[in-house]
Structure formats: C-alpha cells, structure tokens
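What follows is a single structure, written as structure tokens, with notes after it.
For this chain, numbers begin at 1 and follow the sequence in order.
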Amino acid sequence: MDDGERGGGVRAWLRGIEVFAGPLPGFAPERAPADPVRLFLSWLSDAVADGLRDPHAMTLSTVDEAGDPDARVVILKDVDADAAGWRFAGHAFSPKGHQLAVHPRAALTFYWPEHGRQVRLRGPVTPGSARDNAADFLARSATARAEALLGRQSQYLADTGERDQALEKALGLIGRDPSLVDSAWTLYTLAPVEAEFWQAAADRVHTRLRYERTANGWSRFRLWS
C-alpha cells in the first residue's frame, strides 16, 4: 500500500480490492450428490485440474484449554469415503495436539479463491492407530521426520545454532535407522457432523448448501447467503 492509499484509509483501500472478478464455476445444489465426500472430491479435482496452488491446504481450527480459538493451515492427508472422514497429521505434543487431547473437536476450512469456493467442516476428531500413524510419519521427508523427532514445535527458539545442531543429530538417527518412528506423531480424522459448500457469485447472491449428518445418513439444506 503506497502513501496515497494510506491517506485514504485502510478501510477504503480494502474495499477497493476486487473480489470474485474472474469467471466462476456454476453450482446447482439440486444436482449435488447425496453425501459431502463426493462433492468435496469433485471440487478438489476441479481445483487441481485448473492448477490452483496448494489446493489441499486447509485451515484447522481448534480451541485451547481455556476455550480460546486457535487456527493454522495444514495439509489434507486423505478423505475416507467409507467413514466420511477428513485426515490431517500432527505431533501429539504440539499445541494442536494438546488442544485436541482436551477438546477432541475441530473445524476445517478449504478456500479456493480463483473458483470462489469454500468448504467448511465441523465435527469430532479421533487419533489414528499406531500403524496408520507410523505409515504417515514414514511417508514424510527426512527433514520433516527429523523436525518431528525434536518434539519442540512452537516452543521459544533462542538460538538457531542449537536448532541446527539438534536437527543434524536427528537426521543422523534417521540415516542410521530409516524405519525410526516418533510414537507421538498422529494421524487425525475429523468426521464432520456438518459440511457446508459455498459458491461465490459476482453479484453477491452466493449459493450455500449444508449437509447434516443424521442417524440415517446425510440431509441437505439450502442456506441464505
């Protein structure tokens, strides 16, 4: 933002930024599939096919011990069609790991701005089995595994040299034992009780469709925009 824009105020500057400018895909809720997994994978496939950057990135929202919200961007690891679960991974000793241990519920948000599409999911979160956790850990790069082995995510870093030495030591351990697994590494599954699909429109008459899980499967509802 240059001096002229600052002089006009941040609010005016922000309102001048164009949104939903490009051609946007259509969305006919009446033709949406009966379950949210199929629709999600269709939208994700569209994002991948059109070359959108990091289409599998999502915001994971949790609450801490005091009930205060927290959020960060993580990568989607899998979508289990049978269990209707969205999977992500993290260290059990990280802030999100501690938060999920106390409050095992979360929300996921996907946003593909070029398509004007958003997907919101909320529900309980369960940790994976030791076997699934290990498989996910071993699929990571050597450096990513080494960082996880340090078990110090989000702690204060006073000396980058100390970090580099610790990382080099962890990489050495992995080099000597490529099958080494951090038992605290966890593959989590969020099984949504609600899944909302939002399609933007240039005229701001957006389209929203919510799936709600019931004892007999999924029910679908249109929402006011």
Side-chain angles (χ1 to χ4, degrees), residues 36-37 39-48 50-81 83-115 117-157 163 167 170 181-198 211:
V37 172
L39 182 54
F40 172 81
L41 291 176
S42 174
W43 281 21
L44 179 60
S45 296
D46 290 344
V48 173
D50 287 348
L52 274 58
R53 294 190 60 179
D54 303 325
H56 54 336
M58 58 189 183
T59 300
L60 166 65
S61 301
T62 55
V63 295
D64 64 15
E65 292 85 347
D68 293 323
D70 201 355
R72 75 289 289 162
V73 176
V74 298
I75 294 296
L76 176 68
K77 293 300 188 78
D78 190 14
V79 181
D80 186 337
W86 277 248
R87 289 178 172 163
F88 60 93
H91 203 283
F93 299 155
S94 68
K96 60 180 171 290
H98 287 300
Q99 291 163 9
L100 288 170
V102 176
H103 300 293
R105 302 183 69 84
L108 300 175
T109 306
F110 294 84
Y111 181 50
W112 302 292
E114 295 89 341
H115 287 175
R117 284 176 167 174
Q118 181 179 190
V119 178
R120 301 168 58 209
L121 310 161
R122 297 197 303 167
V125 177
T126 56
S129 65
R131 180 178 178 179
D132 288 343
N133 296 343
D136 185 82
F137 184 81
L138 293 174
R140 294 167 62 82
S141 70
T143 301
R145 281 179 281 155
E147 285 188 324
L149 286 171
L150 300 181
R152 302 186 66 177
Q153 187 182 83
S154 299
Q155 296 182 19
Y156 292 121
L157 175 63
R163 178 204 59 194
L167 186 60
V181 171
D182 186 338
S183 60
W185 188 257
T186 307
L187 183 65
Y188 296 98
T189 299
L190 183 147
V193 296
E194 295 179 357
E196 182 183 321
F197 293 78
W198 183 88
Y211 291 80

[X] side chain vs [Y] backbone, donor-acceptor pair below 3.5 Å:
X	Y	value
D64	A66	yes
D182	A184	yes
N133	L187	yes

*How would you list all residue pairs meeting salt bridge (Lys or Arg N to Asp or Glu O under 4.0 Å) that involve residues 131-150, not counting sequence neighbours?*
K77-D136
*asked:* Suppose we call two aromatic rings close when their centres sit under 6.0 Å apart. Are F40 and F197 close by that rule?
replied: no
*Compute the ring centroids of F110 and W43, then answer whether they are less than 6.0 Å apart.*
no
To the closest 0.5 Å, what do you measure between [atom1] ([X]) and [atom2] ([Y])?
X	Y	atom1	atom2	value
H98	T62	NE2	OG1	12.0 Å
F88	I75	CZ	CD1	13.0 Å
H91	L149	NE2	CG	7.5 Å
S94	R72	OG	CZ	7.5 Å
L76	L44	CG	CG	7.0 Å
L39	Y211	CG	OH	4.5 Å

Give me the atom names and distance for the closest heavy-atom approach of [X] to [Y].
X	Y	value
K96	Q153	NZ-OE1, 3.4 Å
T59	A71	CG2-CB, 3.9 Å
P55	W112	O-NE1, 2.9 Å
T189	G85	CG2-CA, 3.7 Å
A107	L190	N-CD1, 4.1 Å
G128	T186	N-CG2, 4.2 Å

*Classify the side-chain pair H115/D46 by whether it contains a donor and acceptor separated by less than 3.5 Å.*
no
*Strictly by modelled atom types, are T109 and R120 linked by a side-chain donor-acceptor pair under 3.5 Å?*
no
*Are L108 and L60 close enough, and set up right, to give a side-chain contact (heavy atoms from CB on, under 4.5 Å), and what steps lead you there?*
CA-CA 5 Å; L108 300 175; L60 166 65; 3.7 Å; yes
*Trace of the side-chain contact (heavy atoms from CB on, under 4.5 Å) decision for R105 with V193*: CA-CA 11 Å; R105 302 183 69 84; V193 296; 4.2 Å; yes
*asked:* Set out, in order, the CA-CA distance, both residues' side-chain angles and the distance that settles side-chain contact (heavy atoms from CB on, under 4.5 Å) for M58 and V74, then state yes or no.
replied: CA-CA 6 Å; M58 58 189 183; V74 298; 3.8 Å; yes
_Is there a side-chain contact (heavy atoms from CB on, under 4.5 Å) between R163 and R152? Walk through the geometry before answering._
CA-CA 10 Å; R163 178 204 59 194; R152 302 186 66 177; over 6 Å; no
